[in-house]
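To keep things clear, I will list the structure first and then write my remarks on it.
Throughout, protein chains are lettered first and strands after them, A, B, ... in sequence-line order, and every chain is numbered starting at 1. Only heavy atoms go into these numbers, but all of them, side chains included; no hydrogens, no water, no symmetry mates. The structure presented is a predicted model; accordingly, all values stated were derived computationally and were not measured.
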Amino acid sequence: MLEITLKRQNRVLTVYLKGELDHHAVSKVKETIDLQLVKMPLSQLILDMSAVSFMDSSGIGLIVGRYNKMKCLGGSMKIKNPGLNILKVLKMSGLSKLMEIS
Amino acid sequence: MLEITLKRQNRVLTVYLKGELDHHAVSKVKETIDLQLVKMPLSQLILDMSAVSFMDSSGIGLIVGRYNKMKCLGGSMKIKNPGLNILKVLKMSGLSKLMEIS
Amino acid sequence: MQPINRMKIEFESKSVNESFARIVAAAFASQLDPTIEELADLKTAVSEAVTNAIIHGYEQQEGLIFMECILYEDSITVKITDHGVGIEDIEKARIPAFTSKPELERSGMGFSIMESFMDSLFIASEKGAGTKITMTKKFSKR
Amino acid sequence: MQPINRMKIEFESKSVNESFARIVAAAFASQLDPTIEELADLKTAVSEAVTNAIIHGYEQQEGLIFMECILYEDSITVKITDHGVGIEDIEKARIPAFTSKPELERSGMGFSIMESFMDSLFIASEKGAGTKITMTKKFSKR
Ligand SMILES: Nc1ncnc2c1ncn2[C@@H]1O[C@H](COP(=O)(O)OP(=O)(O)O)[C@@H](O)[C@H]1O
Ligand SMILES: Nc1ncnc2c1ncn2[C@@H]1O[C@H](COP(=O)(O)OP(=O)(O)O)[C@@H](O)[C@H]1O
């Protein structure tokens with residue numbers, strides 16, 4: 001089970017994910033974030049992945065989808081604290097060229 | 001994989017087991033202990049199970065077998081620190097009536 | 001009741017697969033969010049049945065073991081089958097501490113553990129054809 | 001080379017079984033004592049193939065997914081099969097970032113990940129009959 005925690009500060013939304021980010025888990029994350037995007041204007045979306053133990057290309061699809069939405073809304077997105085195995089998937093998918101990963 | 005560590009003090013042998021004690025693991029433990037039993041006379045065999053995460057009835061067979069050997073040799077046997085799930089198997093098999101469990 | 005999920009696995013009768021079978025059953029059952037104790041009970045019962053198939057069913061020779069797990073709303077049914085020697089007298093086999101292999105230091109407690117750790121246990125067996133164990137465990141609603 | 005162990009599993013095409021399939025493959029592979037990274041790579045590749053069977057093969061409808069794992073001295077071969085819609089153009093499907101389901105926010109990186117995380121990847125597929133993925137990963141000697 002993937003746990004989602006949201007923290008909003010001014011126009012920055014930080015989403016903390018905990019657990020395994022696969023196709024099964026993705027739809028709930030997508031819904032949760034997209035609901036926030038329509039609620040209030042955001043300038044930045046931060047995905048904190050420090051507690052994500054697994055991610056496959058379904059996670060890439062989720063991230064690219066949110067990245068595109070943020071761009072449409074004139075905002076930006078960044079990824080924080082991915083573990084080594086998550087970073088491997090992010091890099092291999094070219095996401096590290098699209099957005100800041102720290 | 002089950003790890004076996006031996007500590008001998010005078011005529012008392014303490015066997016520390018770490019891992020899962022099932023049929024697959026039992027033969028190595030049996031060999032290791034029985035080799036000690038023929039090496040030097042023992043008055044007591046102590047099985048420390050604090051690091052045993054799983055045990056089924058193959059473990060019961062192992063313990064009863066060593067208990068009988070110790071009795072034949074005029075010694076005794078006791079079990080130390082079993083976790084809750086291990087204790088459940090020990091009790092259900094009546095071993096708690098045969099020897100000291102602490 | 002309708003099953004909500006099911007799986008079938010077959011693996012070789014090697015003792016190294018005893019822990020594998022336990023992990024598989026527990027991983028599948030964890031979809032129902034059982035307690036740690038319930039999961040430990042299930043693992044122990046599966047280990048007993050798989051070990052029996054290896055030691056008694058196939059007498060430590062090559063053979064295939066089949067495990068089927070069916071999840072319901074609040075319970076799991078596990079079927080473990082071998083095509084080994086079979087059990088001649090099932091009543092006798094169920095007696096606590098009865099074992100046909102005392103020379104292997106078997107305790108004869110396998111069926112007693114399956115019975116007490118699960119909520120039901122059925123044994124179907126035919127001499128020369130094999131054995132099928134069907135066990136069900138209910139998980140507490142949380 | 002002779003296989004040292006093998007198993008076959010079938011399970012329903014439900015997304016909840018994606019993590020189950022990963023655990024099963026990893027638990028079996030762990031008999032070879034792989035590194036944590038090697039195990040993570042294997043899990044990711046299995047997850048990709050199983051997810052594809054669910055989303056593309058069976059288009060999120062009911063169906064059965066088959067996984068076979070064969071262990072050799074220092075490698076594992078995993079075969080994942082569905083009897084779903086099949087792939088019309090395998091060459092095109094393998095192109096990085098190609099996806100036939102952009103509306104589901106698929107990234108099209110599944111095959112690329114399988115290819116880069118495993119040591120070999122074969123795709124056999126027939127339109128209307130299904131798809132079989134065969135992947136092998138070598139584990140470092142330790
Ligand atoms: N799969 C099987 N195939 C053949 N015989 C079996 C099988 N399972 C159990 N038995 C028989 O039933 C007896 C009791 O089994 P069990 O209670 O598990 O004790 P144990 O395995 O310690 O002997 C075994 O000794 C064996 O004779
Ligand atoms: N099991 C399958 N059955 C049918 N089509 C498949 C299957 N696996 C992959 N495909 C096809 O190959 C394409 C590329 O797959 P992949 O690289 O995993 O990316 P994605 O899953 O993100 O679309 C899919 O979009 C789909 O058209």
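The local environment of NZ in K127(D) is crowded, with over 12 non-hydrogen atoms from other residues, nucleotides or ligands closer than 6.0 Å. The environment of E62(D) atom CD is sparse: at most 12 non-hydrogen atoms of other residues, nucleotides or ligands sit within 6.0 angstrom. Sparse packing is recorded around NZ of K71(A), with 12 or fewer heavy atoms of other residues, nucleotides or ligands lying under 6.0 Å away. The number of heavy atoms from other shown groups lying within 6.0 Å of NZ (K132(D)) does not exceed 12. For K30(A), the NZ atom is densely surrounded, since the number of other residues' heavy atoms within 6.0 Å is greater than 12.
One distance of note links CD of E105(D) with OG of S27(A); it measures 10.5 Å at 0.5 Å rounding. In this structure, CZ on R22(D) lies 4.0 Å from CZ on F54(A), to the nearest 0.5 angstrom. With rounding to the nearest 0.5 angstrom, the OG atom of S47(D) is 10.0 Å from the CG atom of L21(A). N52(D) contributes atom CG, which lies 8.5 Å from atom OG of S58(A) (distance to the nearest 0.5 angstrom). Taken from OG1 in T44(D) to CE in M92(A), the straight-line distance is 11.0 Å, to the nearest 0.5 Å.
Between E20(A) and S19(D), the side chains place no donor N or O within less than 3.5 Å of an acceptor N or O (distance only, hydrogens not considered). Looking only at atom types and distance, the side chain of H24(A) has no donor-acceptor partner in the side chain of E18(D) under 3.5 Å away.
Only the side chain of N85(A) comes within contact range of chain D, with at least one heavy atom under 4.5 Å from a heavy atom of that chain. For K43(D), the parts lying near chain A are the backbone and the side chain together; criterion is any non-hydrogen pair under 4.5 Å. Residue contact with chain A, scored on non-hydrogen atoms closer than 4.5 Å, involves the side chain of Q60(D) exclusively. With a threshold of 4.5 angstrom between heavy atoms, D41(D) approaches chain A through side-chain atoms but not through N, CA, C or O. When heavy atoms are compared at a cutoff of 4.5 Å, I54(D) approaches chain A solely by way of its side chain, counted from C-beta outward. Neither the backbone nor the side chain of I36(D) comes within less than 4.5 Å of any heavy atom of chain A.
A pairwise comparison of heavy atoms in G61(A) and S107(D) identifies N-CB, 3.8 Å as the closest pair. Considering all non-hydrogen atoms of both residues, M109(D) and S93(A) come closest at CE-CA, 3.8 Å.
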Handout entry: side chain to side chain contact (heavy atoms under 4.5 Å, CB included) evaluation trace for T51(D) with D22(A)
Key = CA-CA 9 Å; T51(D) 302; D22(A) 62 4; 5.7 Å; no
